[in-house]
2 protein chains.
Amino acid sequence: MTVDPHSTAGPASRHGHDHAHCIADALTRADALCAERGARLTALRRQVLELVWNSHKPRGAYAILEDLSQREGKATAPLTVYRALEFLVEHGLVHRIESLNAYIGCAAPGAVHSGQFLVCETCGNAVEIDDPRIRAAIGTIAAEHGFQVSRPTVEVRGTCTDCQEKTP
Amino acid sequence: MTVDPHSTAGPASRHGHDHAHCIADALTRADALCAERGARLTALRRQVLELVWNSHKPRGAYAILEDLSQREGKATAPLTVYRALEFLVEHGLVHRIESLNAYIGCAAPGAVHSGQFLVCETCGNAVEIDDPRIRAAIGTIAAEHGFQVSRPTVEVRGTCTDCQEKTP
DNA sequence: GGTCATGGCGTTATCTTATTACATCGCCGG
DNA sequence: CCGGCGATGTAATAAGATAACGCCATGACC
């Protein structure tokens, strides 16, 4: 098993949860979802998904690439990671955070994917939210403009509670 | 004066407005705004602002760079453009569209900058909106999370009315 | 007018992020 | 068995962005 860098204090990391379990959970859900859809969650894709979840915060494609190379013991090409990420994003298992050029595990794969995030500029964490009010408001204004929505993106930059406390 | 590529049919372009006038207007407002703030809208920055407005749709930094080089008659360094864009974005004269890595002139500089866009994936156009419902919803959920907002980003990808009609 | 600090700009190099083009492999249906 | 298709490997390169350094114009101050 791989060590979670955040779990130095034990299974209950600073995220306030059992991170190893949380990763395992995500992988199990991914397995189920892909099986259901007939999508092929290959070893490589599964590996990348695990690496995305591993940090539990937005992570760049090249950072994931490094992780993967290290694990495999040999250099891997960027394309390998990008292709895997493309698959994962397509199936809603991973979100891309545009304003960071980074990827993060989806908290609720299978559900509606509005892709709303609170992105902390201090600690780099991104919390996925799914606010019906925002979703509704976007739907309304899009309709008013005759605009057909395919992928709403909401990325709220700012400072999370923890970081506000640290620097008052 | 430079020819607007969209204005082949005359001053009233397919945007349904007098585009030359619209650019001139943006520049005038920028002049006023910068004067008011004591910010220096130098020749270069003004030039870049004009180039951003010229296409009237999101435009990448390197595309702007090419335009600039052509106008100046000599190669310009990327940094030149990036610095100008940074200034323009800081002063709210230009918005960066994260999901496109592109820049577009702000429709209402000086006003509140929520930075909301309807981005058409077919024609590449981006319409700036400023929906109070979305703004309010973001404020509410951020408050619920104790999250301090610095820059809300809303980029709704989809298909605009025109493009829907063309491909029914 | 001289001088100094500041901010804008030029030059070069480099870094990160992402994609294109083409070859190969392996699984599955016929 | 074999044809086809989707997944992966390899190499090269495009696109986007920044770092480090220094010169020069502007304006404040003496």
Side-chain angles (χ1 to χ4, degrees), chain A residues 30-31 34-35 37-49 51-52 55 58-69 71-91 93-104 121 124 155, chain B residues 30-31 34-35 37-49 51-52 55 57-91 93-104 121 124 153 155 157:
Chain A
D31 285 330
C34 287
R37 294 182 191 169
R40 293 170 56 184
L41 185 61
T42 63
L44 178 65
R45 290 167 175 171
R46 205 166 184 281
Q47 175 101 314
V48 169
L49 179 58
L51 289 172
V52 168
S55 75
R59 198 149 175 69
Y62 276 67
I64 295 167
L65 175 61
E66 273 180 35
D67 293 350
L68 186 62
S69 295
R71 250 199 215 189
E72 302 279 299
K74 61 174 182 180
T76 310
L79 207 58
T80 305
V81 167
Y82 277 107
R83 282 196 282 226
L85 286 172
E86 188 185 3
F87 171 90
L88 295 170
V89 168
E90 241 166 40
H91 285 85
L93 299 167
V94 162
H95 286 291
R96 174 180 162 80
I97 300 192
E98 303 289 349
S99 58
L100 296 176
N101 295 329
Y103 301 82
I104 191 170
E121 290 173 319
E155 297 174 10
Chain B
D31 285 331
C34 287
R37 295 182 189 170
R40 293 169 59 185
L41 186 62
T42 63
L44 178 64
R45 290 168 175 171
R46 206 167 182 279
Q47 175 102 314
V48 170
L49 179 58
L51 290 171
V52 168
S55 74
K57 55 163 76 176
R59 198 150 176 68
Y62 275 67
I64 295 167
L65 176 61
E66 273 180 37
D67 293 349
L68 186 62
S69 295
Q70 198 180 335
R71 249 197 216 191
E72 302 279 299
K74 62 174 182 181
T76 310
L79 212 60
T80 304
V81 167
Y82 278 107
R83 283 196 281 228
L85 287 172
E86 187 186 3
F87 171 90
L88 296 170
V89 167
E90 240 166 40
H91 289 276
L93 298 167
V94 162
H95 287 292
R96 175 181 160 79
I97 300 191
E98 302 290 349
S99 58
L100 296 175
N101 295 331
Y103 302 82
I104 191 170
E121 289 173 320
T153 302
E155 296 174 10
R157 317 271 309 211

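Per chain, numbering begins at 1; letters A, B, ... match sequence-line order.
Contact between the side-chain N/O atoms of N101(B) and the OP1/OP2 oxygens of dA15(D) is not found at any separation under 4.0 Å. Taking only side-chain nitrogens and oxygens, Y62(B) never comes nearer than 4.0 Å to OP1 or OP2 of dA15(D). The phosphate of dG8(C) (OP1 or OP2) has a side-chain N or O of R45(B) nearer than 4.0 angstrom. Contact annotation: R96(A) side-chain N/O to dA18(C) OP1/OP2 distance is under 4.0 Å. Residue R40(A) places none of its side-chain N or O atoms closer than 4.0 Å to OP1 or OP2 of dG6(D). In this model, the phosphate group of dA17(D) is approached by a side-chain N or O of Y103(B) to a distance below 4.0 Å at OP1 or OP2. Phosphate proximity of dT8(D) to T42(A): present, with a side-chain N or O under 4.0 Å from OP1 or OP2. For the OP1/OP2 pair of dG10(C) and a distance below 4.0 Å, the side-chain nitrogens and oxygens of T80(B) include at least one atom meeting the criterion.
Residue whose closest nucleotide on DNA chain D sits further toward the 5' end, between A77(A) and G60(B): A77(A). Each of A102(B) and T76(A) was matched to the nucleotide of DNA chain D holding its nearest heavy atom; the match closer to the 5' end belongs to T76(A).
Between the CZ atom of F87(A) and the C1' atom of dC5(D) there is a distance of 16 Å, given to the nearest Å. At whole-Å resolution of the value, OH in Y82(A) and C1' in dG9(D) are 17 Å apart. Taking atom CD of residue E72(B) and atom P of nucleotide dC9(C), one finds them 11 Å apart after rounding to whole Å. Spacing between atom CD1 of I97(B) and atom P of dA17(D) amounts to 13 Å, rounded to whole angstrom units. The distance between atom CG of L100(A) and atom P of dT16(C), rounded to the nearest whole Å, is 16 Å. Rounded to whole Å, atom P of dG8(C) lies 11 Å from atom CG of L41(B). One atom, CG of L65(B), and another, C1' of dA14(D), lie 14 Å apart when rounded to the nearest Å. Rounded to whole Å, atom C1' of dG6(D) lies 14 Å from atom CG of L44(A).
Between R157(B) and E155(B) there is no salt bridge, since none of the side-chain N atoms of the basic residue sits less than 4.0 Å from a carboxylate O of the acidic one.
The backbone N or O of L68(B) lies less than 3.5 Å from no partner atom in the side chain of Q47(B), so there is not a single donor-acceptor pair.
A donor N or O paired with an acceptor N or O is not found under 3.5 Å between the base of dG7(C) and the side-chain atoms of R83(B).
Here L79(A) lies in heavy-atom contact (under 4.0 Å) with a base.
Counted by atom type alone, H91(B) and R37(B) present one or more donor-acceptor pairs between their side chains at under 3.5 Å.
Within the 4.5 Å cutoff, the side chain of T153(B) has no heavy atoms near those of the S99(A) side chain. Contact annotation: the side chain of L51(B) approaches that of R71(B) to within less than 4.5 Å [non-hydrogen atoms, C-beta and beyond].
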